[in-house]
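Everything below concerns the one structure shown next.
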Amino acid sequence: MEESNIKINIISIEEGIKLSKNFPSLSYTREFFKFREDKYNLKSGFLAVYKNDNLIFLLPADYSKDAFYCVYKDYTEPFVLGEFSRDILNKAIDKLKTELGFKKVEFNLAFLKNNIFFLSGGSELSVFILKINEEEDRDSLFKKFKKTTRNEIRKSEKYGFDLRIENVKNIDKIYELYASNMKRHGTPLRPKSYFEELFKYYGDKCKTIEAYSKNELAGVNIVFIKDNYLRLQYNYSNIKYWPYCINNLLYYKMIEWGGENGIRYFDFGPSSNKEI
């Protein structure tokens, strides 16, 4: 392969979204770009890579004058129309530096089909994806889980949590639960405005799976949805309800609800390979 056969261009958000219209990835949405443009003061578009003048793959991109990210503080998947390889990707990275003048180039790539997660510079992470089909029901879903997991879900169901799946409504309670989780880990808090803006930008693409004990929020999953793809963005729970397996209940109800509403890919995000 001659390097001269590979060409790159940064195309507009609208053009990239039109080309990748039915691609199941959160990072191929206007909401994803808009949040980053306003929150991080970055420009957005798509990296288009060509071989012999034929478009072979697209990648969402955030960039400033000197730095280029696919994507900033998140991960994405290539939309492949032709050929994709590490060799071609490396050539595209070189051209971002030599032809477009970016001093820093960072790629955070995940692949839904085979659960590979790649960080530029190497990584010991994987992205964990659950794929289901249209015929899935409770019995077939339970067969995917270990016996201990099935028993924990049943135990949590017997506790009688009040489950609510809806657009974001209870920001105050969610933020209070988030803050208690971060304080427990000794992690600095994001301001409440971060979540308010996040929910505002994603709108109907954002849902919460909330579990209540009486009027107390026991746990919440915050998810983003694009077509048949769901990403679990955040999970927070009250340690008081861990003996009742609150997190496994939230995960299962998320999958059950998603399956009933046309979701086929459940993206649990990156974690250590040890978590397999």
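Ionic pairing of Asp139 and Lys143 is not present here: no N-O contact between side-chain nitrogen and carboxylate oxygen is shorter than 4.0 angstrom. Taking the charged nitrogens against the carboxylate oxygens, Asp66 and Lys104 have no contact shorter than 4.0 Å, which rules out a salt bridge. Under the 4.0 Å criterion applied to side-chain N and carboxylate O atoms, Lys173 and Glu216 are not assigned as salt-bridge partners. Using a cut-off of 4.0 Å between Lys/Arg side-chain N and Asp/Glu carboxylate O, Glu210 and Lys169 are scored as not salt-bridged. With respect to the salt-bridge test (charged N to carboxylate O, under 4.0 angstrom), the residues Lys253 and Glu256 qualify.
A 4.5 Å side-chain heavy-atom check between Leu47 and Leu96 finds at least one atom pair inside the cut-off. Here the side chains of Leu109 and Leu89 are in contact, with some heavy-atom distance below 4.5 Å.
To the nearest 0.5 Å, atoms CZ (Phe84) and CG (Leu58) are separated by 11.5 Å. Lys43 NZ to Ile13 CD1: the interatomic distance, rounded to the nearest 0.5 Å, is 12.0 Å.
Both the sub-6.0 Å distance and the 45° axial angle are not jointly satisfied by Arg231 relative to the ring of Tyr229. Under a cutoff of 6.0 Å and an axis angle of 45°, Arg190 and Tyr178 do not form a cation-pi pair.
Taking every heavy atom of both residues into account, Pro270 and Tyr75 meet most closely at CD-CE2, 3.4 Å. Shown here for Lys226 and Ser20, the closest heavy-atom pair between the two residues is NZ-O, 4.4 Å. Smallest separation of non-hydrogen atoms from Leu55 and Ala48: CD1-CB, 3.7 Å.
A tilted orientation is assigned to the rings of Phe68 and Phe102, their planes being inclined by 30° to 60°. Classification of the Tyr202-Phe35 ring pair by plane angle, with boundaries at 30° and 60°, yields tilted.
For the ring pair (Phe, Tyr, Trp, His ring centres under 6.0 Å) with Phe46, the lone residue among Phe23, Tyr28, Phe79, Phe57 that qualifies is Tyr28.
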May I have the step-by-step check of side-chain hydrogen bond (donor to acceptor under 3.5 Å, both in side chains) for Tyr234 and Asn181, ending in yes or no?
CA-CA 11 Å; Tyr234 300 111; Asn181 276 250; over 6 Å; no

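A side-chain donor-acceptor contact under 3.5 Å links Ser140 and Asp137. Neither side chain, Glu157 nor Tyr252, offers a donor N or O lying under 3.5 Å from an acceptor on the other. At a cut-off of 3.5 Å, with distance as the only test, no side-chain donor of Asn108 or Asp74 sits close to an acceptor on the other residue.
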